[in-house]
Q: 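The structure is given below, and queries will be raised subsequently.
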Amino acid sequence: MGMTTATGNTGTTGSARDATAVAFSGVVKTYGEVRAVDGLDLTVRRGETVALLGRNGAGKSTTISMLLGLLPPTSGEVRLFGGTPERAVREGRIGAMLQDGRPIPRVTVRELVAFVAATYPKPMAVSEALALAGLETLAGQRVDKLSGGQTQRVRFAVALAGDPELVVLDEPTTALDVEGRRDFWRAMRACAGRGNTVVFSTHYLTEADENADRIVVVDRGRVVADGTGEAIKRTVGGALVSFDLADGPTDGLAELPGVTSLEIRGDRALLRSADSDATVLALARLGLVRGLQVAPASLEDAFLALTSSALEGAAAVGEGARR
Amino acid sequence: MIDYIRLEVRRTLRDKGFVIFGIGMPVVMYLLLTHIAGDSGKDADAWKVSAMVGMASYGALGAALGTGTGVAEDKKLGWLRQLRITPLSPARVVVGRGLSGSVTVLPAIAVVLLLGALVNDVQLSAGQWAGLVVLLWLGTAPFTLLGMGNGYRLSAQAAGMVNGGCMMVLAIIGGLWFPVAAFPGWLEKISRWTPSNRFAELGWSITAGHGPSAGTILVLAAWLAVFGAYAVYAYRRAARTA
């Protein structure tokens with residue numbers, strides 16, 4: 001949230017020196033009664049690699065469709081490089097890999113990539129796009145004869161071919177096996193390494209953590225957390241403290257210093273703590289140290305905590321960003 | 001846009017189904033229809049000419065409608081959405097697809113006319129041959145638009161069936177397979193107002209040694225407007241939901 005305000009007040013709309021690539025302000029998209037996107041604010045600066053992380057149905061794809069100008073928002077505003085998404089698309093500043101897109105049959109990889117490249121004003125060399133996507137050896141193959149992983153890399157090459165400033169990838173690895181994923185992300189990082197702004201959506205935590213500079217957690221159409229993987233882990237309480245109860249009392253554990261939540265699992269107490277040092281000291285004073293363990297919160301813990309109670313999550317991140 | 005047209009033409013010509021059925025069918029039918037009933041006499045010669053025009057028209061009609069089936073497939077694959085996020089404007093995408101469709105009608109026309117000249121010994125002046133190709137080519141425009149309208153509006157499967165159905169009905173009622181003169185009077189009257197009959201009439205008027213009448217051109221122009229409006233409506237609807 002802090003980041004949003006830091007870059008949101010760019011008065012130099014449309015100027016080449018504007019550092020903002022993407023700006024959503026108060027964007028809402030409703031389908032009848034359903035609010036797929038519910039007041040989304042998001043700013044992406046040039047050169048950033050940002051992951052939109054959320055469960056299925058969190059509003060990621062709708063957000064990306066609006067980002068690309070394929071869907072008009074019900075209310076609010078989407079700006080790309082200071083102008084409308086339609087203008088940015090027309091100027092050839094955007095390349096994208098859509099979620100359910102499949103390449104058209106009866107063309108070769110090179111023909112397809114070359115065709116898309118030629119629609120852009122300043123495309124990269126076709127050979128370069130193919131190399132970035134790891135497709136050099138497949139250039140002459142028909143697109144409809146490729147494996148799932150290869151097809152996905154063709155779609156990635158299509159997104160890159162015009163050398164766009166902003167590359168948008170909607171759940172790029174959903175259908176891929178482990179190896180396909182690894183190859184794909186290697187290609188993506190090579191692209192980001194050229195200074196492109198990249199926005200991708202995923203519901204895989206590790207993909208977001210490993211491949212993005214910044215993770216924006218989306219739930220129920222809103223941003224519930226925004227920061228690096230580390231920052232997001234901190235916002236939900238830094239650590240998980242656990243010990244054997246040995247039939248001891250559980251009263252008062254939730255009120256110990258730093259503890260934000262308590263869970264009893266069999267004979268073990270699990271305390272989520274924002275200040276694990278204080279929690280451990282308090283437990284030691286009570287003599288409750290049998291089998292004591294302190295584990296850092298995983299991103300998964302953070303994600304579950306954030307998305308299970310979206311409103312509380314937003315509050316927690318607000319504090320987290322200020323800290 | 002030239003690149004887009006080239007890409008789509010290439011894709012169509014690599015489609016075995018298109019080559020076998022789109023070009024092969026009218027060729028086989030032409031040879032069958034002109035040889036089954038015996039191949040001598042004045043009537044047989046006239047039939048070789050009129051069937052040549054009819055089958056060239058039929059092949060062109062099928063290819064033109066087939067463009068729309070291709071559009072529906074592109075829509076299903078998400079390719080139309082992908083094109084919308086390239087700098088190509090929607091108008092150029094639609095016009096480009098229409099133009100590429102109009103190029104893919106040429107092989108069927110050319111092959112049937114060649115067979116007429118080489119196998120069935122149809123003799124026309126150079127001007128008549130050229131006029132035939134040009135008029136049959138231009139005359140496919142209403143059908144390309146009808147096919148594209150179906151393609152934008154319907155699912156890939158439905159578009160394939162509807163376009164196939166349109167092709168059969170238009171070919172038969174239009175008198176492309178059997179001469180209209182053999183129809184009952186009421187059907188013959190209807191046939192004169194169909195786009196497919198007027199389309200083939202462009203060709204028959206050339207082989208008869210005069211040009212198409214103003215009436216023929218007017219009826220075709222009216223169908224062009226109707227199918228054009230339909231295609232625009234279907235595209236707008238597809239763009240909203242795609």
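The sequence lines fix the lettering, A, B, ..., with proteins before strands; numbering per chain opens at 1. Predicted, not measured: the structure shown is a model, and the values here were computed from it.
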Q: Which heavy atom of Tyr120(A) sits nearest a heavy atom of Ile85(B), and at what distance?
A: OH-O, 3.4 Å
Q: Could you check if a side-chain atom of Thr86(B) sits within less than 4.5 angstrom of a side-chain atom of Phe115(A), using non-hydrogen atoms only?
A: no
Q: Who pairs with Arg181(A) by salt bridge (Lys or Arg N to Asp or Glu O under 4.0 Å), at least two apart in sequence or on another chain?
A: Glu207(A)
Q: Taking non-hydrogen atoms and a cut-off under 4.5 angstrom, which of residues 10-19 of chain B neighbour chain A?
A: Arg10(B), Arg11(B), Arg14(B), Asp15(B)
Q: Which bit of Val107(A) is near chain B, if near means a heavy-atom gap under 4.5 Å: side chain, backbone, both or neither?
A: both
Q: Can you see which heavy atom on Pro87(B) is nearest to which on Arg90(A), and at what distance?
A: CB-O, 3.4 Å
Q: Of all heavy-atom pairs between Leu70(A) and Arg81(B), which one has the smallest distance, and what is that distance?
A: CD1-NH2, 3.7 Å
Q: From Ile104(A) CD1 over to Leu83(B) CG, what is the distance, rounded to the nearest 0.5 angstrom?
A: 7.5 Å
Q: Assess whether atom CG of Leu118(B) is packed by more than 12 heavy atoms of other residues, nucleotides or ligands within 6.0 Å.
A: yes
Q: So does Glu86(A) have more than 12 non-hydrogen atoms from other groups sitting under 6.0 Å from CD?
A: yes
Q: More than 12 foreign heavy atoms under 6.0 Å from CH2 of Trp129(B): is that the case here?
A: yes
Q: Please classify the contact between Val168(A) and chain B as side chain, backbone, both or neither, with a heavy-atom cut-off of under 4.5 Å.
A: neither
Q: Flag yes if more than 12 heavy atoms outside Phe21(B) fall under 6.0 Å of its CZ atom; otherwise flag no.
A: no
Q: Checking heavy atoms, do the side chain of Pro85(A), its backbone, both or neither come under 4.5 Å from chain B?
A: neither
Q: Going by salt bridge (Lys or Arg N to Asp or Glu O under 4.0 Å), name the residues that satisfy it together with Asp3(B), two or more places apart in sequence or in a different chain.
A: Arg6(B)
Q: Quick one: list whatever passes salt bridge (Lys or Arg N to Asp or Glu O under 4.0 Å) with Glu136(A), sequence neighbours left out.
A: none
Q: Just how far is it from atom CZ of Arg102(A) to atom CD of Gln82(B), taken to the nearest 0.5 Å?
A: 13.0 Å
